[in-house]
Amino acid sequence: MARGFFVSFEGVDGSGKTTQILRTEAWLRANGVEPVMTRQPGGTAVGDRIRALLLDSRTEGLDAKAELAMMFADRAQSIVEVIRPAIEAERVVLCDRFTDSTEAYQGGGRGLGAELVRAMHGLVCGELMPDVTVLLLPSMEVALRRARRRNEHTTGASEGRFEAEQDAFFERVHAAYRAIAEREPVRVVTIECEGNELAVHREVITKIEPRLRAAGVLR
Ligand code: TYD
């Protein structure tokens, strides 16, 4: 393999993202590639503590810009500890969420705007962007239905701060993701995931396999 390869997965809450990441990991393994798995926020010791603070619904009164800065603090740590070393070691990285999440949730959802988020990305992350981003985007109606169903089953409040947001927040997140997909149609592979898990998985693979081959990750 010529170099590392960085794949991020993105989507609204309830898009089935976690399942698809695990399926992609299994598919890579079956093809002889052992990916480095990570997620944001979290994925490092410091990041896990930032994550706990960010997602805990007992965290009250957190300013939107403070939230934005914490997302990038987590990301800075993740880049230094996990992502860059993995890429330098010529590994494939599968990252559950990256800067597109910040653009969608803080930029769109919280209303801070895409420009501020992108400027901060430049300061903190420099040129680093995923080689490919898999964006799982069910229709707004389907996403909200799934997210609500999931909320009914989640226990406790320790990771529910974003899930407790109102529909209007998720509509802004959804619209921001659409805008990213339209702006960067090459990096961002959008999957309108209304179908069943297996059908969505097949579509993910159909779309990323040629990229992995072109990069020399798969032969
Ligand atoms: P998580 O439990 O990982 O949610 P999911 O399974 O839906 O990915 O929680 C991550 C939450 O953090 C999610 O609601 C999105 C939010 N988030 C942001 O608001 N900004 C960000 O930059 C990132 C990475 C996540």
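Values reported hereafter were calculated over all heavy atoms of this structure, with side chains retained and with hydrogens, waters and symmetry mates removed. Order of listing sets the numbers, starting from 1, for every ligand and every atom in it.
Taking every heavy atom of Gln40 and a limit of under 4.0 angstrom, the matching atoms of ligand 1 come to 24 (C). Interface of Leu55 with ligand 1, defined as ligand atoms under 4.0 Å from a residue heavy atom, comprises 9 (O), 11 (C), 12 (O). Which parts of ligand 1 touch Asp13 is read off a 4.0 Å heavy-atom cut-off, strictly below it: atoms 7 (O), 13 (C), 14 (O). Near Pro41, meaning under 4.0 Å from one of its heavy atoms, ligand 1 places the atoms 23 (C), 24 (C), 25 (C).
Ranking protein heavy atoms by distance to atom 6 (O) of ligand 1, first place goes to Arg150 NH1, 3.7 Å. Regarding atom 22 (O) of ligand 1, its nearest protein heavy-atom neighbour is Thr102 OG1, 2.6 Å. When hydrogens are left out, the protein atom nearest atom 20 (N) of ligand 1 is Gln106 OE1, 2.8 Å; that is the closest non-hydrogen contact. Of all protein heavy atoms, the one closest to atom 2 (O) of ligand 1 is Arg51 NH2, 3.0 Å. Looking only at protein heavy atoms, the nearest one to atom 8 (O) of ligand 1 is Lys17 NZ, 2.6 Å.
For the pair Arg97 and Asp74, the salt-bridge criterion is not met [side-chain N within less than 4.0 Å of a carboxylate O]. With respect to the salt-bridge test (charged N to carboxylate O, under 4.0 angstrom), the residues Lys17 and Asp96 qualify. Ion pairing between Glu203 and Arg23 fails under the 4.0 Å rule for side-chain N and carboxylate O. With salt bridges taken as basic N to acidic carboxylate O contacts below 4.0 Å, one links Arg213 and Glu209. Salt-bridge check for Arg29 with Glu25: passed, with a basic side-chain N closer than 4.0 Å to an acidic carboxylate O.
In Glu163, neither the side chain nor the backbone holds a heavy atom less than 4.0 Å from any atom of ligand 1. Only the side chain of Arg75 comes within 4.0 Å of ligand 1, judged by heavy-atom distances. Of the heavy atoms in Glu165, none comes closer than 4.0 Å to ligand 1. Neither the backbone nor the side chain of Arg39 comes within contact range of ligand 1; no heavy atom lies under 4.0 Å.
In the displayed structure, Lys65 atom NZ is contacted under 6.0 Å by at most 12 heavy atoms of other residues, nucleotides or ligands. Around CD of Glu34, the count of heavy atoms belonging to other residues, nucleotides or ligands within 6.0 Å exceeds 12.
A side-chain donor from one of Ser8 and Thr133 sits under 3.5 Å from a side-chain acceptor of the other. A donor-acceptor contact closer than 3.5 angstrom is absent between the side chains of Glu197 and Thr19.
For atom 5 (P) of ligand 1, the nearest non-hydrogen atom from the set Glu67, Met71, Arg97 belongs to Arg97. Looking at Ser101, Cys95, Gly107, it is Ser101 that brings a heavy atom closest to atom 23 (C) of ligand 1.
Any N or O atom pair closer than 3.5 Å counts here, and Tyr105 shares no such pair with ligand 1.
At a threshold of 4.5 Å between non-hydrogen side-chain atoms, the residues Ile191 and Gln20 do not count as touching.
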